[in-house]
J.: 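Quick one: the structure is below, and I'll ask about it shortly.
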Amino acid sequence: MTTDTETKPVEQQAEEKNVEEVKEDVKKEEEAAKNAEEKSDDKAEKEDKEKDSSDKAAKPKKEPAPPKPTVHKADYQPDVVYLYQFMRTPVLPSLSPYCLKVETWLRLAGLKYENVDHKMKYKSKKGQLPFVEVNGEEIADSAIIIKQLGEKFNTDLDAGLSPEQKLIAHSNISMIENHFAWVVKWWRCRCPGDWVRAAKLNLQEALNTRIPNAVLNFAFKLRFKQAAKKVRAHGIGVHKPEEIEEFGQNDLKVLSDLLGDKQFFFGETPSTLDVVAFANLAQLVYMDPEVSYSLRDWLLENCANLKGFCDRLKDRAFPDWEEMCSTLDLNSHLPKPPPEEEKKKEEKEEAKEKKEDVKEEKKKEEEKETDEKEKAQKEEDAADKDDNKKTEEKEK
């Protein structure tokens with residue numbers, strides 16, 4: 001009896017142990033199956049990723065679209081300066097002293113440049129003329145143009161000046177552009193008709209339009225009457241005419257005394273001051289002598305050396321002056337292509353203009369057709385409305 005009671009717990013323990021081992025084995029098998037399943041999923045995911053990457057590698061990459069040109073002259077040549085300015089006139093290469101200043105500097109600096117015939121359509125991002133484009137970059141404002149082009153092409157008309165001469169040049173340039181130029185602008189705004197005659201300006205040709213000159217002259221005068229507000233805002237315009245005239249005479253006297261009997265302001269070589277002075281004085285010196293302007297007459301009588309200075313700089317920088325003023329050619333300084341090529345070029349330009357005209361006419365016709373369709377549709381809608389109204393009345 002003792003033996004039976006002692007063996008029973010041992011057997012029970014053995015059974016319990018067997019059950020625990022079975023459970024442990026089942027647990028291990030479940031974990032092994034789970035791990036195998038996770039490994040299988042990881043492998044499948046890895047294969048999918050590799051497949052996607054191989055598909056992407058197989059597909060050719062789409063090249064990004066080239067950036068849109070930020071300049072008007074998209075087919076520019078390297079290191080060629082493209083100048084945008086006002087049109088030529090029979091008396092001056094440009095009626096803007098700032099445009100004439102830039103072109104004169106380009107010629108004296110010996111840089112390769114080309115005037116762009118933009119038909120007065122474009123202005124810089126600052127809203128100004130002149131501006132230049134070089135190597136796909138726009139530069140505006142005459143002073144900034146000269147500064148940046150000088151740095152880019154390593155040219156400086158003032159390299160030979162002493163520090164004192166540079167100070168004199170700076171102060172006189174400021175006087176010319178911030179005082180004397182406004183005296184001349186005041187006269188232009190006060191007498192726009194005289195200015196048009198002094199420049200022998202044909203507005204119809206200059207603006208490339210078919211609007212009659214009489215209408216253009218009226219609009220031109222009106223615009224300059226409005227520009228007189230700027231002259232007044234500057235401060236010059238608040239004075240009496242005789243006082244403004246005296247301001248101009250004083251500025252001319254300063255320049256005449258500084259020049260003396262020298263060829264140019266600092267000797268035999270033109271500097272930036274010579275360029276600025278020439279660009280502004282030429283607006284008086286070379287205007288039509290048949291048109292009376294008291295400040296021009298005073299200059300010729302009392303500052304004859306300034307007239308001689310203008311002639312010397314004109315001959316040096318613009319040997320083609322007479323040609324450009326008679327033909328109004330923007331690029332008389334450039335070699336002309338052979339006659340056949342010139343003819344082909346002209347024909348190409350004419351064809352281009354004709355194509356643009358046809359395109360514009362087609363656009364107008366389409367707009368007219370659209371308007372007519374809209375009008376017909378409105379009439380049809382109105383007729384349907386009337387019919388519906390009449391039908392309703394009959395039914396009543």
J.: Could you state the interatomic distance from CG (Asn302) to CG (Leu252), rounded to the nearest 0.5 Å?
T.: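 Reported to 0.5 Å precision, the distance equals 9.5 Å.
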J.: So Leu334 and Ser332, do their side chains get closer than 4.5 Å, heavy atoms only?
T.: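 Heavy-atom side-chain distance check fails, nothing below 4.5 Å.
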J.: Taking all atoms of both residues into account, what is the closest heavy-atom pair of Ala140 and Lys126, and its distance?
T.: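 Heavy-atom minimum between the residues: CB-CD, 4.0 Å.
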J.: Give the minimum heavy-atom separation between Asn331 and Asn115, together with the two atoms involved.
T.: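 Heavy atoms only, the tightest pair is OD1-N, 2.7 Å.
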J.: Quick check: does any side chain N or O of His333 sit under 3.5 Å from a backbone N or O of Phe318, one acting as donor and the other as acceptor?
T.: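 Flag not set: sc His333 to bb Phe318 has no pair under 3.5 Å.
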J.: Could you tell me how the ring of Trp182 sits relative to the ring of His234: parallel (under 30°), tilted (30 to 60°) or perpendicular (over 60°)?
T.: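 Correct class here is parallel.
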J.: Verify salt bridge (charged side-chain N to carboxylate O under 4.0 Å, His left out) between Asp251 and Lys253, making sure each step is shown before the conclusion.
T.: CA-CA 5 Å; Asp251 292 343; Lys253 188 70 168 61; over 6 Å; no
J.: How long is the gap from CG on Asp117 to CE on Met87, to the nearest 0.5 Å?
T.: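 Going from CG on Asp117 over to CE on Met87, the span is 11.5 Å.
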J.: Between Asn280 (side chain) and Pro97 (backbone), is there a donor-acceptor pair under 3.5 Å?
T.: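 No, because the side chain of Asn280 does not come within donor-acceptor range (under 3.5 Å) of the backbone of Pro97.
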J.: Could you walk me through whether Leu129 and Gln85 satisfy the side-chain contact (heavy atoms from CB on, under 4.5 Å) test, starting with their C-alpha distance in whole Å, then the side-chain angles of each, then the deciding distance to 0.1 Å, before giving a yes or no?
T.: CA-CA 6 Å; Leu129 283 177; Gln85 61 164 320; 5.6 Å; no
J.: Is the distance from the ring center of Tyr82 to that of His72 below 6.0 Å?
T.: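 Centroid distance Tyr82-His72: not below 6.0 Å, so no.
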J.: Are the side chain of Glu243 and the backbone of Lys240 linked by a donor-acceptor contact shorter than 3.5 Å?
T.: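 Side chain of Glu243 to backbone of Lys240, a donor-acceptor pair under 3.5 Å: yes, one is there.
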J.: Do Val285 and Leu306 have side chains that approach each other closer than 4.5 Å (heavy atoms only, starting at C-beta)?
T.: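 A side-chain contact is absent here, since even the closest heavy-atom pair is not under 4.5 Å.
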J.: Crowded around Glu301 CD? As in, over 12 foreign heavy atoms under 6.0 Å?
T.: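 Counting neighbours around CD of Glu301, 12 or fewer heavy atoms of other residues, nucleotides or ligands fall under 6.0 Å, so no.
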J.: Can you give me the closest heavy-atom contact between Val91 and Tyr286, atom names plus distance?
T.: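 Closest heavy-atom pair between Val91 and Tyr286: CB-O, 3.3 Å.
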J.: Dump the intermediate steps for side-chain contact (heavy atoms from CB on, under 4.5 Å) on Glu137 and Gln148, then the final yes or no.
T.: CA-CA 11 Å; Glu137 178 188 1; Gln148 292 193 11; 4.2 Å; yes
J.: State whether the number of non-hydrogen atoms from other residues, nucleotides or ligands found under 6.0 Å of Lys262 atom NZ is greater than 12.
T.: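 Count over threshold, so yes.
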J.: Is Arg197 reaching over with its side chain to a backbone N or O of Val291, donor-acceptor style, under 3.5 angstrom?
T.: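 Checking the backbone N and O of Val291 against the side chain of Arg197, no donor-acceptor pair under 3.5 Å is found.
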J.: Linking I/L/V/M/F/W/Y whenever their side-chain heavy atoms sit closer than 4.5 Å, directly or via other members, would Leu111 and Ile144 fall into one cluster?
T.: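 Yes, because Leu111 and Ile144 connect within a single hydrophobic cluster, where side-chain heavy atoms sit under 4.5 Å apart.
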J.: Determine, stepwise, if the pair Leu273 / Ile176 fulfils side-chain contact (heavy atoms from CB on, under 4.5 Å).
T.: CA-CA 9 Å; Leu273 172 57; Ile176 294 169; 4.1 Å; yes
J.: The test is salt bridge (charged side-chain N to carboxylate O under 4.0 Å, His left out); show your working for Arg190 and Glu245 and say whether it passes.
T.: CA-CA 13 Å; Arg190 187 168 179 262; Glu245 190 88 5; over 6 Å; no
J.: When you measure from the side chain of Gln263 to the backbone N and O of Arg312, does any donor-acceptor pair fall under 3.5 Å?
T.: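 Looks like no, no N/O pair under 3.5 Å.
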J.: Run Leu299 and Leu281 through side-chain contact (heavy atoms from CB on, under 4.5 Å) and show every step you take.
T.: CA-CA 9 Å; Leu299 181 155; Leu281 294 175; 4.1 Å; yes
J.: So Lys314 and Phe278, do their side chains get closer than 4.5 Å, heavy atoms only?
T.: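 Sidechains of Lys314 and Phe278: in contact.
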J.: Heavy atoms, side chains only, cut-off 4.5 Å: are Arg107 and Pro319 in contact?
T.: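 Yes; the side chains approach each other to less than 4.5 Å.
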J.: Treat each ILVMFWY residue as a node, draw an edge where side-chain heavy atoms are under 4.5 Å apart, and state whether Val102 and Leu313 are in one component.
T.: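 Same cluster: Val102 reaches Leu313 through Ile, Leu, Val, Met, Phe, Trp or Tyr contacts under 4.5 Å.
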J.: Return each pair, listed once, that meets side chain to side chain donor-acceptor pair (under 3.5 Å) where at least one residue sits in residues 264-278; pairs must be two or more places apart or across chains.
T.: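 Listed once each, the pairs are Asp158-Thr272, Ser271-Asp274.
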J.: Does the side chain of Cys303 reach to within under 4.5 Å of the side chain of Leu255, using non-hydrogen atoms?
T.: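 Not in contact.
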J.: Do Glu114 and Tyr76 have side chains that get closer than 4.5 Å, going by heavy atoms?
T.: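 Side-chain contact under 4.5 Å: no.
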J.: Counting only heavy atoms not in Lys166 (residues, nucleotides, ligands), do more than 12 fall under 6.0 Å from its NZ?
T.: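 Atom NZ in Lys166 is packed in, count exceeds 12.
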J.: Evaluate the side-chain proximity of Leu149 to Trp105: yes if any heavy-atom separation is below 4.5 Å, no if none is.
T.: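 Yes, close enough: below the 4.5 Å cut-off.
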J.: Identify whether Phe86 and Tyr98 are in the same connected component of the hydrophobic contact network (ILVMFWY, side-chain heavy atoms under 4.5 Å).
T.: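 No, it is not one cluster - the side chains of Phe86 and Tyr98 are not joined through contacts under 4.5 Å.
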J.: Are Ile236 and His179 packed together at the side-chain level, in the sense that at least one heavy-atom pair is separated by less than 4.5 angstrom?
T.: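 A side-chain contact under 4.5 Å exists here.
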J.: Starting from Met287, can I reach Leu92 by hopping between I/L/V/M/F/W/Y residues whose side chains sit under 4.5 Å apart?
T.: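 Same cluster.
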J.: Taking Ala279's backbone N and O only, do any of them form a donor-acceptor pair with Gln283's side chain (distance below 3.5 Å, no angle check)?
T.: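 Indeed, once roles are kept as given, a pair shorter than 3.5 Å links the two residues.
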J.: Main chain of Lys73, side chain of Glu133: is a donor-acceptor contact present, judged purely on distance under 3.5 Å?
T.: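 Flag set: sc Glu133 to bb Lys73 pair under 3.5 Å.
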J.: Any chance you could measure Glu323, atom CD, to Arg88, atom CZ, to the nearest 0.5 Å?
T.: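 Reported to 0.5 Å precision, the distance equals 10.5 Å.
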J.: Write down the atom of Gly248, the atom of Leu295, and the distance for their closest heavy-atom approach.
T.: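 So the minimum-distance heavy-atom pair works out to C-CD1, 3.9 Å.
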J.: Rounded to the nearest 0.5 Å, what's the gap from OH on Tyr84 to NE2 on His118? Could you check?
T.: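 Interatomic distance, Tyr84 OH to His118 NE2, rounded to 0.5 Å: 8.0 Å.
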J.: Which atoms form the tightest heavy-atom contact between Asp79 and Asn135, and what is the distance?
T.: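 Nearest pair, atom of Asp79 first, then Asn135: N-OD1, 2.6 Å.
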J.: ring-ring contact (aromatic ring centres under 6.0 Å, His included) with Trp187: which of Phe247, Trp195, Tyr293?
T.: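 The residue from Phe247, Trp195, Tyr293 that satisfies ring-ring contact (aromatic ring centres under 6.0 Å, His included) with Trp187 turns out to be Tyr293.
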J.: If you measure from CG on Leu330 to CE on Met324, what distance do you get to the nearest 0.5 Å?
T.: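 Taking CG in Leu330 and CE in Met324, the distance rounds to 9.0 Å.
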J.: Measure across Lys101 and Ala143 and return the closest heavy-atom pair with its distance rounded to 0.1 Å.
T.: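 Smallest heavy-atom distance, with atoms named: NZ-N, 3.8 Å.
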J.: I want to know whether Tyr122 and Phe131 have ring centres closer than 6.0 Å.
T.: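 Ring-ring flag for Tyr122/Phe131: false, centres at least 6.0 Å apart.
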